[in-house]
There are 2 protein chains.
Amino acid sequence: MNRKPAFDAEDSATDAAARAGWLYYVGRLTQDQIAAELGVSRQRAQRLVSKAMSEGLIHVRLEHRIARCLALEAALKQRHGLRMVRVAPSPGPGADPTHGLAPVAAEVMERFLRQPDPLIIALGTGRALRATVEELPKMTCEQHKLVSLVGNIAPDGTASNYDVIMRMADTVRAPHYPMPLPVIIDDEEIRRMFYSLPQLKIVARLADQADVTFVGVGHMSESAPIYVDGFISDRDLREQRALGAVGEIVTSCFDAEGRYIEEGLARRVGGLRAGGKPCGEVIGIAAGPDKVVPLRAALKGGLLNGLVTGEDTAEALLESPE
Amino acid sequence: MNRKPAFDAEDSATDAAARAGWLYYVGRLTQDQIAAELGVSRQRAQRLVSKAMSEGLIHVRLEHRIARCLALEAALKQRHGLRMVRVAPSPGPGADPTHGLAPVAAEVMERFLRQPDPLIIALGTGRALRATVEELPKMTCEQHKLVSLVGNIAPDGTASNYDVIMRMADTVRAPHYPMPLPVIIDDEEIRRMFYSLPQLKIVARLADQADVTFVGVGHMSESAPIYVDGFISDRDLREQRALGAVGEIVTSCFDAEGRYIEEGLARRVGGLRAGGKPCGEVIGIAAGPDKVVPLRAALKGGLLNGLVTGEDTAEALLESPE
DNA sequence: TGGTTGAGTGAGCATATGCCCGCCAGATGG
DNA sequence: CCATCTGGCGGGCATATGCTCACTCAACCA
């Protein structure tokens, strides 16, 4: 009764791997120390540790409320081929689901702003974006250019309340290019005239080359901000919904497949679409139950390649089949 | 409403640490990759990972039946200041509690045998040791010396069945020094004569310099092997128990505090005590419910500095207070 | 207001890690 | 019985890691 046959050699190899893995991950020993402890060469110790990992003997888990968020980020990133996803922890039941989103989004934005090389940063509009910009710290970013994708003149002639570019430029001290035209331009002639203005062409060209674009994602229900705030009419809303619109990004509506709807309203929008530059980042910032449907569509259609959202929203997005 | 005050800076630092730790341990990214991902310097990434660890955000657990054994080993090692502890997985309820002990002990023994530098290896006796030796593979260890600590002549004049040294020497091809004298020598004159034999002096000197000693640990109940196998008489057993004996190592009895009992039987033992050389390893091999009391005493008295035992026994040893 | 302090930062370096390569032993097949 | 093969082993090297040391910047106190 000497050496056992192969059937338990496997077992004893796994035992040794477990032992090595334990010493490495739990005991925090170096592989040299493990080698000494087990009386084997360092290479063998390294192979055992690696085996312990690859055989799944070692389980690592993160004890932190954002652990779930990180998992959601990874899942969303993978499912939709996104470049960047950030999921803000849920604020808890009952609270505003967008609470906590802005600081996280601001962190993302700040990272771009901290780049020393000049960037062209395009901005949409909306509550989420506005809140994000308000979370930015004062800084000096004269190397970048901020470009608005959307007209800053509301239907009533005032500057739009949700025009974020001025505020942002103010906080981060960057050259900025608002789009001096109405959000919606009913007369096609006038619209063409606006677009032919030289300064608008400059803005359009810049926006087209944006390295990164931050946009909100709106929904198209009766309480759609774009409608409630008077940017589009009741008729427009019904028309777009009839055409299949489930959401909008800088007033461009898209259907459940994430395809922009070219008919109707699209012809009267005073602004540009996000994502002109193919290799630029287009980051959507949105959270809340209302945003699940439009976000799902936008992701499906590849309208975004980056996303900042909330835990519950991320979960809902991942619950859909496919 | 710009930068938040310190109260959530702490939180966001922990969040970042959690994120970094997650990327490192779950995502298996290098710190450089994490630095790029988070847009910080590598040093910062390393600090975040380290913070995640030190704040206990990362929990590692080993998914393997020996995980518990490893934890028990660490606990025993620490509690009793032992140099080496191995705990064999429990064979399951109902099975022989010593099952599985021998292969583990043999692994330990083999490690010493594989040493290229010459070692003096002292051996006790007993079932556990015998079983251990039988698990050794054939090998050639001419550099080492095997020394017996205990007489190899049973009271009936035969060579003891549990004399392990011959078998071991046979398997590992090492020079060996049995102790050619009875296990118990009733006549003091004869005992002195035996000890004055030159070859016995050689053995005694070797044993005294043993680099490592392997011994079984016996209990002192009515079913004590030392008694059942006829090495000591009923009277001896009662005498030693009356003197407080709770266990024996190579026929030297000790009390609950792990102090050797010098009266009575001790004067008639034909053999040596384990642990002559202060810096040598003295490794006890024993498992089973009967062994808990003697092992606890031996550990308390520092009679052993190494231990190979079973999962259940280790657990029982750790259950005692103090 | 101006010094002081202390936490956080990046550079640099010694060490640990992971991986590739040539080697050897034991298994396999002629 | 010998040639071949395969799989594990240690040597060595490029890379990653962790740590120390000045340094900065900003808050705090006098």
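Computed from a predicted model, the values in this text were never measured in an experiment. Throughout, a chain's letter reflects where its sequence line sits, starting with A, and its residues are numbered from 1. Atom set for the values below is all heavy atoms of this structure, side chains included, hydrogens, waters and symmetry mates excluded.
- Evaluated for a side-chain contact (heavy atoms from CB on, under 4.5 Å) with Met109(B), the options Leu129(B), Val172(B), Val308(B) yield exactly one hit, Leu129(B).
- Sequence order on DNA chain D of the closest nucleotides to Ser41(A) and Arg42(B) puts Ser41(A) first from the 5' end.
- Distance Arg44(A) CZ to dT17(C) C1': 17 Å, rounded to the nearest Å.
- Ionic pairing of Arg111(B) and Glu107(B) is not present here: no N-O contact between side-chain nitrogen and carboxylate oxygen is shorter than 4.0 angstrom.
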For residues 30-40 of chain A, dump all side-chain donor-acceptor pairs below 3.5 Å to protein atoms at least two apart in sequence or in another chain.
from	atom 1	to	atom 2	distance (Å)
Thr30(A)	OG1	Asp32(A)	N	3.4
Thr30(A)	OG1	Gln33(A)	N	3.2
Thr30(A)	OG1	Gln33(A)	OE1	3.3
Gln33(A)	OE1	Thr30(A)	N	2.7
Glu37(A)	OE2	Lys77(B)	NZ	2.9

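- With sequence neighbours excluded, no residue forms a salt bridge (Lys or Arg N to Asp or Glu O under 4.0 Å) with Glu311(B).
- In plain terms, the two heavy atoms of His64(A) and Thr14(B) that are nearest each other are NE2-CG2, 3.4 Å.
- Between the side chain of Asp211(A) and the backbone N or O of Leu119(A) there is no donor-acceptor pair closer than 3.5 Å.
- For His176(B) (side chain) and Asp170(B) (main-chain N/O), no donor-acceptor pair under 3.5 Å exists by modelled atom type.
- Salt bridge Arg130(B)/Glu134(B): present, at least one basic N to carboxylate O contact under 4.0 Å.
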Provide a list of protein-nucleic acid N or O atom pairs under 3.5 angstrom, restricted to nucleotides 20-22 of chain C.
none

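- Side-chain N/O atoms of Gln46(A) include none lying less than 4.0 angstrom from OP1 or OP2 on dT17(C).
- Less than 4.0 Å separates DNA chain C from no heavy atom of any residue of residues 56-63 of chain B.
- Using a 4.0 Å cut-off between charged side-chain N and carboxylate O, Arg19(A) and Glu73(B) make a salt bridge.
- Rounded to an integer number of Å, the gap from CD of Gln31(B) to P of dA11(C) is 16 Å.
- Protein chain A contacts DNA chain D over a range whose 5' and 3' limits, counting nucleotides with an atom under 4.0 angstrom from a non-hydrogen atom, are dC9(D) to dG12(D).
- Applying the ring-ring contact (aromatic ring centres under 6.0 Å, His included) test to every pair with at least one member in residues 107-138 of chain A, sequence neighbours left out, gives these pairs: Phe112(A)-Phe214(A).
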